[in-house]
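Structure first, commentary second.
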Amino acid sequence: MPKPLLPAILSCKGLMLSDDEKYLFEKYNPVGINLFSRNIDNPQQLKSLVQEIKSCIGRTDVLIAIDQEGGRVRRLVEPHFRSYISAYNIGHLPIEKALRAAYLHTQLISIDLAKLGINLNYAPVLDISYSNTTPALNSRCLSSDPHTISTIGKIMVDTYIQNGILPCIKHIPGHGRAECDPHLNLPTIKASLKELEQDFLPFKNLNYCPIGMTAHIVLSSIDADLPITQSAKGIQEIIRKHIDFKGILISDAIDMHALHGSIEEKAINSLKAGCDLICYSSGLIADMQKIASSCPKASDNTLERFAQLQKILDNKPQTASENSLANEYNELIGSVSPYQEEYDSTEVLNLMMQKN
């Protein structure tokens with residue numbers, strides 16, 4: 001009899017699995033595992049780690065997830081891996097070049113991930129860039145125009161799907177108005193529901209995407225007390241009904257400081273509100289044990305949505321013209337000045353944990 005699925009994408013601490021991690025993953029059968037910079041040294045090591053994770057859990061549909069957006073938010077970096085520009089840089093090219101760059105960018109990342117056995121990329125970001133958008137997010141936004149975001153984002157989503165890589169639109173229902181980093185604090189957005197319609201638009205236009213990641217934000221016009229990740233009203237009325245998102249809904253990382261309570265409370269409250277899966281990033285075995293022992297098994301709705309992912313995972317990446325695509329991409333972005341910044345929000349908590 002198959003083991004129940006733990007509705008979580010967990011993480012690991014180093015370049016190979018520890019005995020404790022192997023035991024926990026095998027026993028509790030998580031939906032997947034997140035990979036971060038701490039897990040990556042070189043291609044062969046990473047392929048071995050991915051295979052070790054899949055063998056340990058023992059399923060062919062284990063989700064191996066990574067943040068490979070481009071720009072500063074990429075876990076596969078030089079010298080062993082290809083360089084990619086940020087979403088901001090793509091979105092600020094002339095539109096025809098932007099559309100071609102988006103395709104090449106996503107096609108090449110798909111090839112990179114498939115070679116390593118990685119099948120889920122937490123991209124693209126569909127948040128709108130505003131004048132006061134937190135530096136944690138701004139360079140990761142394609143544009144300040146929701147229609148431009150929708151058009152470029154669609155190319156990215158469709159290209160990932162065609163190549164057997166699961167895309168994840170984030171941060172649903174829209175994080176662009178946040179002025180602080182949810183890794184460290186909980187943003188509150190006081191815009192009216194009418195104003196928020198603009199933020200929802202890219203997600204509505206791409207609501208067929210197989211996976212979406214929630215925003216750790218309070219939208220006071222929807223639920224003044226709870227962040228969207230833990231708000232049944234926000235998830236059911238806005239994400240599921242208004243945006244009409246039908247795919248797997250995964251929380252943003254529950255170890256972010258935007259959420260309050262113990263790690264098991266964060267996990268349980270996110271699932272109760274309507275998230276299909278919770279995301280955990282810090283790789284602490286004690287935390288993962290608490291999550292695994294306290295979370296309910298995956299719901300029937302989650303299992304149905306998860307089963308639909310297999311149709312995408314069965315698609316094979318198109319690698320025949322990789323070199324010519326890479327040359328075209330490099331020529332297209334060669335004159336682009338990278339967005340200047342040093343702040344990598346998705347690694348903030350990892351660095352904090354390493355110092356503790």
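Every value quoted in this text rests on a predicted model; they were computed, and no experiment measured them.
Taken to the nearest 0.5 Å, the CG atom of L196 stands 9.5 Å off from the NE2 atom of H242. To the nearest 0.5 Å, atoms CG (D252) and CD1 (I217) are separated by 10.5 Å. Taking CG of L186 as the start and NE2 of H257 as the end, the distance is 12.5 Å to the nearest 0.5 Å. Rounding to the nearest 0.5 Å places CG of L10 at 5.0 Å from CD1 of I33.
Side-chain contact between L166 and N121 is absent, with no heavy-atom pair separated by less than 4.5 Å. Considering only heavy atoms from C-beta on, D41 stays 4.5 Å or farther from L46 through its side chain. Between K13 and L284, the closest side-chain pair of non-hydrogen atoms falls below 4.5 Å. Residues E265 and Q230 are not in side-chain contact: their nearest non-hydrogen atoms beyond the backbone lie 4.5 Å or more apart. In this structure, L271 and C295 have side chains that are in contact, with non-hydrogen atoms separated by less than 4.5 Å. For the pair T133/E179, no side-chain contact is recorded, criterion being any heavy-atom separation below 4.5 Å from C-beta on. Side-chain contact between L116 and L76 is present, with heavy atoms from C-beta onward closer than 4.5 Å. In this structure the side chain of P210 reaches within 4.5 angstrom of the side chain of P167, judged on heavy atoms.
Looking at T151, its side chain does come within 3.5 Å of a backbone N or O of H147 through a donor-acceptor pair. Using a distance-only test at 3.5 Å, with no hydrogens or angles considered, no donor-acceptor pair links the side chain of S251 to the main chain of S270. At least one donor-acceptor pair closer than 3.5 Å links the side chain of R240 to the backbone N or O of F245. For the pair N163 (side chain) and T159 (backbone), a donor-acceptor distance under 3.5 Å is present. Put simply, the side chain of S143 gets close to the backbone of D145: a donor and an acceptor are under 3.5 Å apart. Not one N or O on the side chain of D223 forms a donor-acceptor pair closer than 3.5 Å with the backbone of G234. Looking only at distances, a side-chain donor or acceptor of R74 sits under 3.5 Å from a matching main-chain atom of G71. Between the K316 side chain and the Q162 main chain, no donor and acceptor come within less than 3.5 Å of each other. Formation of a donor-acceptor pair under 3.5 Å by the N327 side chain with backbone atoms of S324 is not found in this model.
Every residue was checked against the ring pair (Phe, Tyr, Trp, His ring centres under 6.0 Å) condition with H216, not counting sequence neighbours, and none meets it. Under the rule for a ring pair (Phe, Tyr, Trp, His ring centres under 6.0 Å), Y130 has no partner lying at least two apart in sequence or in another chain.
Side-chain contact, S281 with D255: a donor N or O sits under 3.5 Å from an acceptor N or O. Side-chain contact check for D112 and Y84: at least one donor-acceptor pair (N or O, by modelled atom type) lies under 3.5 Å. Side chains of Y280 and D287: a donor on one and an acceptor on the other come within 3.5 Å. D127 and H171 share a side-chain donor-acceptor pair at under 3.5 Å. A donor-acceptor contact under 3.5 angstrom links the side chains of D314 and Q310, judged on distance only. A side-chain donor-acceptor contact under 3.5 Å links T302 and S299. Side-chain contact of E69 with H105: a donor-acceptor pair under 3.5 Å is absent, judged by distance alone. Remark: the Y329 side chain and the Q107 side chain contain no N/O donor-acceptor pair separated by less than 3.5 Å. Under 3.5 Å, the side chains of Q236 and K233 contain no donor-acceptor pair of N or O atoms. Residues T214 and T229 bring a donor and an acceptor atom of their side chains to less than 3.5 Å of each other. Judged purely by distance below 3.5 Å, without hydrogens or angles, the side chains of S48 and E52 never pair a donor atom with an acceptor atom. Side-chain contact annotation: N315 with Y160, donor-acceptor N/O pair under 3.5 Å absent.
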side-chain hydrogen bond (donor to acceptor under 3.5 Å, both in side chains) assessment of Y208 paired with D244 | CA-CA 9 Å; Y208 64 91; D244 197 26; over 6 Å; no

For D61 and R59, run side chain to side chain contact (heavy atoms under 4.5 Å, CB included): C-alpha distance rounded to whole Å, both residues' side-chain angles, the deciding distance at 0.1 Å, then the answer.
-> CA-CA 5 Å; D61 59 2; R59 300 193 330 268; 2.7 Å; yes

Working for side chain to side chain contact (heavy atoms under 4.5 Å, CB included), residues Q198 and I128 | CA-CA 9 Å; Q198 175 170 271; I128 295 173; 3.5 Å; yes

Report the C-alpha separation of Y88 and R140 in whole Å, then their side-chain angles, then the decisive distance to 0.1 Å, and conclude whether the side chain to side chain contact (heavy atoms under 4.5 Å, CB included) test is met.
-> CA-CA 6 Å; Y88 177 96; R140 302 163 64 192; over 6 Å; no

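Hydrophobic clustering (side-chain heavy atoms under 4.5 Å, transitive across Ile, Leu, Val, Met, Phe, Trp, Tyr) groups I291 together with I285. One hydrophobic cluster, built from ILVMFWY side chains closer than 4.5 Å, holds both I95 and M156. Cluster annotation: I9 and L259 are assigned to the same hydrophobic cluster (Ile/Leu/Val/Met/Phe/Trp/Tyr, side-chain heavy-atom contacts under 4.5 Å, transitive). Residue I250 is grouped with residue F306 when hydrophobic side chains (ILVMFWY) are merged at heavy-atom distances under 4.5 angstrom, including chains of intermediate members.
Results of the side chain to side chain donor-acceptor pair (under 3.5 Å) test with N138 over S129, S131, S86 single out S129 as the only residue that passes.
Residues I165 and A114 come closest through the heavy atom pair CD1-N, 4.2 Å. Annotation for D67 and K170: closest pair OD1-NZ, 3.0 Å, computed over non-hydrogen atoms. Contact detail for A8 and L277: the closest heavy-atom pair is N-CD2, 4.2 Å. When all heavy atoms of S282 and S11 are compared, the pair lying nearest together is N-OG, 3.6 Å. Nearest heavy atoms, G14 versus N39: O-ND2, 2.8 Å. Taking every heavy atom of both residues into account, A136 and D181 meet most closely at CB-CG, 3.6 Å.
Ion pair K246/E304 not flagged as a salt bridge, since none of the NZ, NE, NH1 or NH2 atoms sits closer than 4.0 Å to an Asp/Glu carboxylate oxygen. Looking at E195 and R177, no side-chain N of the basic residue comes within less than 4.0 Å of a carboxylate O on the acidic one, giving no salt bridge.
Within 6.0 Å of atom OH in Y23, 12 or fewer heavy atoms from other residues, nucleotides or ligands are found, so the atom counts as exposed in its surroundings.
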